[in-house]
2 protein chains.
Amino acid sequence: MTGEARARFERIYTLLRERICLLDYPPGMRLREEDLAEEFDTSRTPIRRVLARLEDEGYLRSVHGVGTIVTDIDIASLEQVYRLRVELSELIGKLSPAEPDEDAKRAFSAMKTRCEALVRTPSQRAFAQLNMDFFHLLMTLTENEPLQEFSERLYYQTTRIWLKRAAGEDGTEETLASEIGFFLREVSDIAAAVACGALESVGQIRRAHVAMSFARLKARAGEEVEAASL
Amino acid sequence: MTGEARARFERIYTLLRERICLLDYPPGMRLREEDLAEEFDTSRTPIRRVLARLEDEGYLRSVHGVGTIVTDIDIASLEQVYRLRVELSELIGKLSPAEPDEDAKRAFSAMKTRCEALVRTPSQRAFAQLNMDFFHLLMTLTENEPLQEFSERLYYQTTRIWLKRAAGEDGTEETLASEIGFFLREVSDIAAAVACGALESVGQIRRAHVAMSFARLKARAGEEVEAASL
DNA sequence: TGGTGCTGATTTGTACACAACATCGTTGGA
DNA sequence: TCCAACGATGTTGTGTACAAATCAGCACCA
């Protein structure tokens with residue numbers, strides 16, 4: 001796969017993965033190859049190439065005769081993925097850190113501004129988008145490509161489930177606002193660390209926040225079980 | 001993809017990946033979809049599904065009008081992958097370690113025996129096979145599936161290049177024997193750690209040996225450059 | 001009334017024909 | 001003699017028809 005075909009593949013792949021992570025395609029949703037083929041003005045063949053990759057990476061599950069379904073992840077499996085994600089988070093500052101220039105520092109500062117605006121007018125979708133943009137900005141701090149690739153995969157695999165359960169329609173508006181508040185603190189802390197070039201600290205801060213956000217999710221899941229059993 | 005189709009996919013995928021890692025398909029070799037289709041008694045379509053995954057994971061590169069080529073990795077990129085692999089190695093003992101039972105301990109002991117036999121009659125191919133078997137046995141020590149998956153990918157991606165450069169046709173028989181010797185020490189150390197249930201130590205020993213094996217490779221690459229420039 | 005099997009519709013999986021592209025050898029002219 | 005253009009050949013990428021599988025709805029019977 002080369003040239004134009006490659007470019008189209010990347011375009012569709014990135015877009016679909018983003019839709020899955022932003023919950024435009026929520027877990028359990030069924031996609032149809034022919035619909036996608038029509039949307040991207042091609043035949044099923046190139047679409048199937050993209051869906052195959054998304055399936056290999058665990059975002060989708062194709063079932064013969066049924067359809068292509070967006071996967072869901074139970075809390076036990078999610079915990080395994082989070083454990084690994086926590087460890088990888090810290091490596092951002094340890095493996096080939098890229099000294100941030102002035103543009104990068106401004107970008108982190110801009111993230112903080114966007115986040116403060118979000119606190120005033122909360123929205124799940126805007127939160128999801130900001131969270132993703134922030135993640136990609138963080139990834140520019142390491143030049144280790146394999147680390148970037150694996151971190152991306154763990155991020156996309158966990159964040160959508162976390163968003164759905166922690167700040168989704170299930171949760172109250174209160175929990176959404178609360179999560180945005182925690183996120184603002186993370187962005188502020190990391191922006192400060194980046195401002196003074198302390199990349200190792202960035203990794204440690206990130207690690208702590210990733211771990212805490214899962215801990216909150218788990219606690220909330222525990223409450224739900226408790227409430228259901230009453 | 002489900003049922004029988006899935007099983008066939010896994011079978012072909014695993015086999016081809018193994019061939020690539022054991023250097024039956026060395027870097028630069030060109031594969032033909034139609035040949036593979038004939039070998040596995042099917043059409044190009046299911047084969048392309050497998051090749052697509054192998055390409056996504058970086059083992060292959062399909063070029064329109066040319067062929068499907070086994071990738072090679074330059075020493076700079078390899079170093080990035082190794083840095084990450086070193087870090088992940090240690091996690092084996094920290095993330096969901098599986099307490100080894102008597103069977104597992106015997107399996108490690110058997111590895112040591114195989115390794116001692118290999119020292120007496122060195123063979124690159126047998127070394128590659130033993131190295132891979134040992135890796136898979138190590139993976140049974142953690143129950144964290146994402147960690148297993150990523151470790152596998154890093155292993156398959158680096159080991160084939162390492163084998164080619166450190167113990168392949170390029171190197172002398174002396175370097176092969178030397179590497180087998182180092183490997184025997186690693187297997188012995190790890191078997192001992194497993195025997196007394198010290199899984200955290202297993203991770204640390206493994207980490208050290210992975211780092212050292214790359215260091216030797218890099219040193220040898222340096223010598224070659226030096227020799228070439230004389 | 002409940003359950004059981006059938007049939008049609010829907011969807012993914014496979015096979016195959018053809019298009020697009022790259023490579024190499026050949027041939028013709030300067 | 002050199003080189004440039006062309007065509008033959010071989011390979012992956014795309015489109016499409018059909019096979020295989022699942023599911024829902026319904027008829028039918030105990």
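Residue numbers begin at 1 in each chain, while the letters A, B, ... track the order of the sequences.
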Tabulate protein N/O versus nucleotide N/O from nucleotides 18-26 of chain C, keeping only pairs under 3.5 Å, one per line.
from: C:dA20; atom 1: N3; to: B:His64; atom 2: NE2; distance (Å): 3.0

Exercise. For B:Ser77, which residues count as a side chain to side chain contact (heavy atoms under 4.5 Å, CB included) partner, sequence neighbours excluded?
Worked result: B:Ile73, B:Asp74
Problem set entry | Those residues that, when tested against A:Ala104, pass side chain to side chain contact (heavy atoms under 4.5 Å, CB included) (two or more places apart) | A:Pro100, A:Asp101
Exercise. Residues in side chain to side chain contact (heavy atoms under 4.5 Å, CB included) with B:Asn144, at least two apart?
Worked result: A:Gln80, A:Arg83, B:Leu95, B:Ser96, B:Thr142, B:Pro146, B:Leu147
Exercise. With respect to the phosphate group of C:dT14, does any side-chain polar atom (N or O) of B:Thr42 fall under 4.0 Å of OP1 or OP2?
Worked result: no
Problem set entry | Set of residues satisfying salt bridge (charged side-chain N to carboxylate O under 4.0 Å, His left out) with respect to A:Lys218, sequence neighbours excluded | A:Glu79
Exercise. Which residue pairs satisfy the salt bridge (Lys or Arg N to Asp or Glu O under 4.0 Å) criterion with at least one member in residues 125-142 of chain A, sequence neighbours excluded?
Worked result: A:Asp24-A:Arg125, A:Arg114-A:Asp133
Seminar exercise, completed: When rounded to whole Å, the CZ to C1' distance for the pair B:Arg48 and C:dA15 reads 13 Å
Problem set entry | Lys/Arg-Asp/Glu bridge criterion (N-O < 4.0 Å) met for B:Arg49, A:Glu55 | yes
Problem set entry | Non-neighbouring partners of A:Glu38 that pass side-chain hydrogen bond (donor to acceptor under 3.5 Å, both in side chains), sequence neighbours left out | none
Problem set entry | B:Phe182: ring-ring contact (aromatic ring centres under 6.0 Å, His included) partners, not counting sequence neighbours | none
Problem set entry | Check: B:Phe134 ring centre within less than 6.0 Å of B:Phe183 ring centre | yes
For this session: Answer yes or no: is there an ion pair linking A:Arg44 with A:Glu34, defined by an N-O contact shorter than 4.0 Å?
Result: no
Seminar exercise, completed: First and last nt of DNA chain D near chain B, cut-off under 4.0 Å to heavy atoms, 5' to 3', are D:dG10 to D:dT14
For this session: List in numerical order all residues of residues 8-19 of chain A for which some heavy atom is under 4.0 Å away from an atom belonging to DNA chain C.
Result: none
Problem set entry | Flag, side chain of B:Ser89 to backbone of B:Arg85, donor-acceptor distance under 3.5 Å | yes
For this session: Please answer whether the main-chain N or O of A:Glu57 pairs with a side-chain N or O of A:Gln157 as donor and acceptor at a distance below 3.5 Å.
Result: yes
For this session: Provide, to the nearest angstrom, the distance between the CZ atom belonging to B:Arg49 and the C1' atom belonging to C:dT12.
Result: 12 Å
Exercise. Which part of the nucleic acid, if any, lies within reach of B:Leu31 when heavy atoms closer than 4.0 Å are counted: base, sugar-phosphate only, or nothing?
Worked result: sugar-phosphate
Problem set entry | Positions of residues 32-41 of chain A (non-hydrogen atom under 4.0 Å from DNA chain C), listed by number | A:Arg32, A:Glu33
For this session: For A:Thr45, report the nucleic acid contact type (base, sugar-phosphate, nothing); a contact means any heavy atom under 4.0 Å.
Result: base
Exercise. B:Ser43 or A:Arg30: which one's nearest nucleotide on DNA chain C is closer to the 5' end?
Worked result: A:Arg30
Exercise. With sequence neighbours left out, what residues match B:Arg11 under side chain to side chain contact (heavy atoms under 4.5 Å, CB included)?
Worked result: B:Arg8, B:Phe40
